[in-house]
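I have placed the structure first, in the form of structure tokens, so that the comments after it can refer back to it.
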Number of protein chains: 2
Amino acid sequence: MPDTPGSAEPSIEEQIAAYQREFQDLDPQVEKVVSALSRLNRRMNVAYGRQTAELGISNAEWEVLKALVLAGVPYRLGPGDLAKRLGLTPAAMTHRIDRMVAEGLVTRERDENNRVRVIVGLTEEGRSKWLEAMRMATVFEEELLQDLSGEERGRLGEMLIRLLRRVETTQPDAGGRLRDLD
Amino acid sequence: MPDTPGSAEPSIEEQIAAYQREFQDLDPQVEKVVSALSRLNRRMNVAYGRQTAELGISNAEWEVLKALVLAGVPYRLGPGDLAKRLGLTPAAMTHRIDRMVAEGLVTRERDENNRVRVIVGLTEEGRSKWLEAMRMATVFEEELLQDLSGEERGRLGEMLIRLLRRVETTQPDAGGRLRDLD
DNA sequence: GCTTCGAACTTTACTGTTGAACTCTTCAGG
DNA sequence: CCTGAAGAGTTCAACAGTAAAGTTCGAAGC
């Protein structure tokens, strides 16, 4: 089960011992992997949040910038498409774009060829914020993995992708949004 | 950087190629690990969310139940303590407890010895929901790891914990809440 | 034994997200 | 053409979270 954060955070080992006390048939090895995954992810999000905050944007805004950049030149996508890629409802996307337009990170125009469509485009400022965030992120990530040899990194990545494939087969996206529940 | 979800989800490899196109000095091996971690976590949360939804609770409520059970008999904690363990503000905890009391998952009483304090206790129903969720979670987790040998599981857990220690040293909790920044 | 300080929780006002209802365009059929 | 259905985006009400102000009780000094 996903780990529960907390300041008075017990070590993973302590926590697993507590679980075993309350729930006998628990595989500690499995639990260790799952708990560590969950904690690690939380810590990483905190780190990313601090970095983006330094740039005066939120992680949420960073995600929009990423999606636009990954789309490639000319860095333009419709709100609906963006919403799908970010795993948000169209309604949330509308609001997020409102803010980002106000902050000058993206532009919103109507598509002249199909006036029902809207096009969100990256501004110069948006692109440079993305670049800056990317630089900080890669520095952090390199630090994070510094204790692992190149060979270990490869094995770790390979195992994680194997897990990912496993989840994806038992849980196909099936068009549904894939967002964190709760 | 954390992965951006999405339905039209490209494979990790495709996504990394796109990043490299836009940002030259990116270490693909590091990126692979980081992206896989992020995606995996999201998928896992979706899975947990489906399971808890079957029980008629949310992941958020499940977290409260977990904290109470992990506290050990008599399964009682104050709202402030709970808030710390879950990485929430006290205000959010108040509201969450409101709901859970209404649903019969926990009780809220004033501490008779110190009438400023409040005590949140697990109900029978709360405990049994936790147990049920735990059963489902462990089944899912075993499935998730089924492609890894025992030895691989051990190595994976060990590497993840090494990463975790690394973030924890560079990012001590320092009393601050450790929640996902958006 | 008042008074003041601080701790524990709640209240209030605001932000971001969701689901459902709504608007506006496009397009296909009669 | 004109109508009706489908698609894209926005609006609206409700909900969960935060920060900051408010309340209430307990404890420490004088």
Side-chain angles (χ1 to χ4, degrees), chain A residues 5 7-8 42 45-46 49 52-53 57-64 76-103 105-121 175-182, chain B residues 5 7-8 42 45-46 49 52-53 57-64 76-103 105-121 175-182:
Chain A
S7 284
R42 181 170 14 256
N45 283 339
V46 171
T52 51
I57 63 178
S58 67
N59 274 355
E61 291 171 328
W62 184 29
E63 284 183 0
V64 176
R76 299 157 135 282
L77 288 173
D81 199 351
L82 272 171
K84 272 205 196 79
R85 297 181 190 228
L86 300 196
L88 288 179
T89 58
M93 206 58 233
T94 294
H95 296 316
R96 214 182 261 195
I97 293 168
D98 286 348
R99 281 172 260 146
M100 294 182 72
V101 168
E103 291 165 358
L105 298 170
V106 300
T107 57
R108 167 157 44 190
E109 343 161 1
R110 292 215 90 88
D111 183 338
E112 283 313 319
N113 302 333
N114 183 339
R115 304 172 43 70
V116 135
R117 282 203 159 81
V118 168
I119 299 179
V120 178
R177 276 191 329 295
L178 236 53
R179 68 177 196 293
D180 287 356
L181 300 181
D182 83 320
Chain B
S7 283
R42 180 173 14 258
N45 283 339
V46 171
T52 50
I57 63 177
S58 67
N59 274 354
E61 290 171 328
W62 184 29
E63 284 184 359
V64 176
R76 297 151 124 336
L77 288 173
D81 200 350
L82 271 172
K84 272 204 198 80
R85 297 183 190 227
L86 301 196
L88 288 178
T89 58
M93 206 59 234
T94 294
H95 296 316
R96 214 182 259 194
I97 293 167
D98 286 348
R99 282 171 259 148
M100 294 182 71
V101 168
E103 292 165 359
L105 297 170
V106 300
T107 56
R108 166 159 46 191
E109 341 161 2
R110 294 216 89 86
D111 184 339
E112 283 313 319
N113 301 334
N114 182 339
R115 304 173 43 71
V116 164
R117 282 203 159 79
V118 170
I119 299 180
V120 177
R177 277 192 327 295
L178 237 54
R179 68 176 196 292
D180 285 357
L181 298 183
D182 63 319

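Per chain, numbering begins at 1; letters A, B, ... match sequence-line order.
When all heavy atoms are compared, the tightest approach of B:P79 to B:V118 is CD-O, 3.4 Å. Shown here for A:N59 and A:N45, the closest heavy-atom pair between the two residues is ND2-O, 3.5 Å. Counting all heavy atoms, side chain and backbone alike, A:T107 lies closest to A:V101 at C-CG2, 4.3 Å. Shortest non-hydrogen contact noted between B:D81 and B:L77 is OD2-CD2, 3.6 Å.
Residue-level contact check: B:R110 touches neither bases nor backbone, having no heavy atom under 4.0 Å from any strand.
Here D:dT10 presents its P atom at 13 Å from CG of A:D111, a figure rounded to the nearest Å. In this structure, the CG atom of A:D98 is 14 Å from the P atom of D:dG9, given to the nearest Å. Residue A:M93 contributes atom CE, which lies 10 Å from atom P of D:dT10 at whole-angstrom precision. Remark: P of C:dG16 and CG of A:N59 are 13 Å apart, rounded to the nearest angstrom. Atom pair A:R96:CZ and C:dT17:C1' shows a separation of 9 Å (rounding to whole Å applied). Whole-Å rounding puts the A:L86 CG to C:dT18 C1' distance at 15 Å. Between the NZ atom of A:K84 and the P atom of C:dT18 there is a distance of 15 Å, rounded to whole Å. Rounded to an integer number of Å, the gap from CZ of B:R108 to P of C:dC9 is 10 Å.
Partners of A:A92 according to the side chain to side chain contact (heavy atoms under 4.5 Å, CB included) rule, which considers only residues two or more places apart in sequence or in another chain, are A:L88, A:T89. In this structure, B:R99 has no salt bridge (charged side-chain N to carboxylate O under 4.0 Å, His left out) partners at least two apart in sequence or on a different chain. For A:R115, the salt bridge (charged side-chain N to carboxylate O under 4.0 Å, His left out) test picks out A:E112, with sequence neighbours left out. For B:R108, the side-chain hydrogen bond (donor to acceptor under 3.5 Å, both in side chains) criterion is met by B:D98, not counting sequence neighbours. Take A:E109 and apply the salt bridge (charged side-chain N to carboxylate O under 4.0 Å, His left out) test, not counting sequence neighbours, and it matches A:R76.
Closest to the B:P90 side chain, of the nucleotides C:dT18, D:dT10, C:dT10, is C:dT10.
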Is there any protein nitrogen or oxygen under 3.5 Å from a nitrogen or oxygen in nucleotides 24-27 of chain C, and what are the pairs?
from: C:dT26; atom 1: OP1; to: A:R115; atom 2: N; distance (Å): 3.0

Below 3.5 Å between N/O atoms, which protein atoms pair up with nucleotides 12-14 of chain C? Just atom names and distances, please.
none

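Residue-to-nucleotide proximity on DNA chain C shows that, of B:T94 and A:R99, the 5′-proximal contact is made by B:T94.
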